[in-house]
Asker: 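Here it is: the structure, laid out below.
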Amino acid sequence: MVQSNPCYTFCNGAWGMSEPSMRLYCKKGCDADDVDSIDQCKQDFCPSLCIKDELGEDDDKKGKWTTIFARAPIKSDDCLDACYAGCQNIVLDDD
């Protein structure tokens, strides 16, 4: 019998069938690659997933307004909330 990922189970329970985007970004938090801690997941992974960086070279950054464009098809705040929930329930590998 296949055991389900406890983090996925949390995401499925927290957001119902009517909120597939929230479930998806929660699960992306569960699957965060190259993170060693919950804090790193929240501070590095989720913002890079949900919020687009400023455009342009370092010396020629476009206006601050560019930071408000989201990568996710949902509001950035909602994406971050869902991703943070996934990070909070992530199962980190013990090396």
Side-chain angles (χ1 to χ4, degrees):
M1 181 175 195
V2 176
Q3 286 190 322
S4 64
N5 180 326
C7 191
Y8 280 17
T9 301
F10 168 81
C11 295
N12 289 335
W15 289 281
M17 294 298 288
S18 63
E19 300 175 290
S21 294
M22 294 293 282
R23 279 198 334 266
L24 173 69
Y25 285 98
C26 180
K27 290 177 181 180
K28 286 183 180 285
C30 294
D31 292 336
D33 292 330
D34 300 324
V35 296
D36 298 321
S37 68
I38 292 171
D39 287 339
Q40 185 182 15
C41 182
K42 289 181 176 182
Q43 292 172 1
D44 297 335
F45 179 78
C46 290
S48 70
L49 178 69
C50 298
I51 302 171
K52 191 172 188 176
D53 292 332
E54 290 183 47
L55 300 175
E57 298 296 323
D58 285 340
D59 294 336
D60 186 31
K61 292 283 187 188
K62 304 297 181 199
K64 282 288 185 191
W65 61 271
T66 60
T67 61
I68 63 172
F69 288 113
R71 289 187 185 278
I74 59 177
K75 291 186 345 184
S76 293
D77 289 345
D78 290 343
C79 178
L80 287 170
D81 287 345
C83 186
Y84 290 164
C87 289
Q88 194 64 41
N89 290 279
I90 196 170
V91 177
L92 297 170
D93 292 332
D94 292 330
D95 289 337

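Computation of the quantities below employed the complete heavy-atom set of this structure, encompassing side-chain atoms and omitting hydrogens, waters and symmetry-equivalent molecules.
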Asker: Side chain of Q40, backbone of D36: donor and acceptor closer than 3.5 Å?
Answerer: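 It does hold such a pair.
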Asker: Rounded at 0.5 Å granularity, tell me how far NZ in K42 sits from CD1 in I38.
Answerer: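 Spacing of NZ (K42) from CD1 (I38) equals 7.0 Å.
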Asker: For residues A82 and W15, report the shortest heavy-atom separation together with the two atoms involved.
Answerer: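 Shortest heavy-atom contact: CA-CH2, 3.7 Å.
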Asker: For D44 and S48, work out which heavy atoms get closest and say how close.
Answerer: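 D44 and S48 have their closest heavy atoms at O-OG, 3.3 Å.
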Asker: Measuring only between side-chain heavy atoms, which start at C-beta, is Y8 closer than 4.5 Å to D31?
Answerer: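 Y8 reaches D31 side chain to side chain.
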Asker: As a quick check of understanding, evaluate disulfide (SG to SG under 2.5 Å) for C79 and C50, giving each step before the final call.
Answerer: CA-CA 6 Å; C79 178; C50 298; 1.9 Å; yes
Asker: For C41 versus G29, what's the shortest heavy-atom pair and its separation?
Answerer: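 In this case the closest contact between C41 and G29 is SG-O, 3.8 Å.
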Asker: Picking from V91, I90, N89, what satisfies side-chain contact (heavy atoms from CB on, under 4.5 Å) with P6?
Answerer: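 Of the listed residues V91, I90, N89, the side-chain contact (heavy atoms from CB on, under 4.5 Å) partner of P6 is V91.
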Asker: Taking side chain as C-beta onward, heavy atoms only, is N12 less than 4.5 Å from K27?
Answerer: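 Heavy-atom side-chain distance check passes, below 4.5 Å.
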Asker: Hey, could you give me the SG/CD distance between C26 and Q88, rounded to the nearest 0.5 Å?
Answerer: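 One finds 10.5 Å between SG of C26 and CD of Q88.
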Asker: Please assess I51 against L80 for the test side-chain contact (heavy atoms from CB on, under 4.5 Å), listing each intermediate value before the final yes or no.
Answerer: CA-CA 9 Å; I51 302 171; L80 287 170; 3.7 Å; yes
Asker: Taking the SG atom of each, are C30 and C11 under 2.5 Å apart?
Answerer: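 Answer is no: C11 does not pair with C30 in a disulfide.
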Asker: For the atom pair CZ (F45) and CG (D33), what is the distance rounded to the nearest 0.5 Å?
Answerer: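 It is 6.5 Å, given to the nearest 0.5 Å.
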Asker: Does V35 belong to the same Ile/Leu/Val/Met/Phe/Trp/Tyr cluster as L49, with side-chain heavy atoms less than 4.5 Å apart forming each link?
Answerer: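 Per the 4.5 Å side-chain linkage, V35 and L49 are co-clustered.
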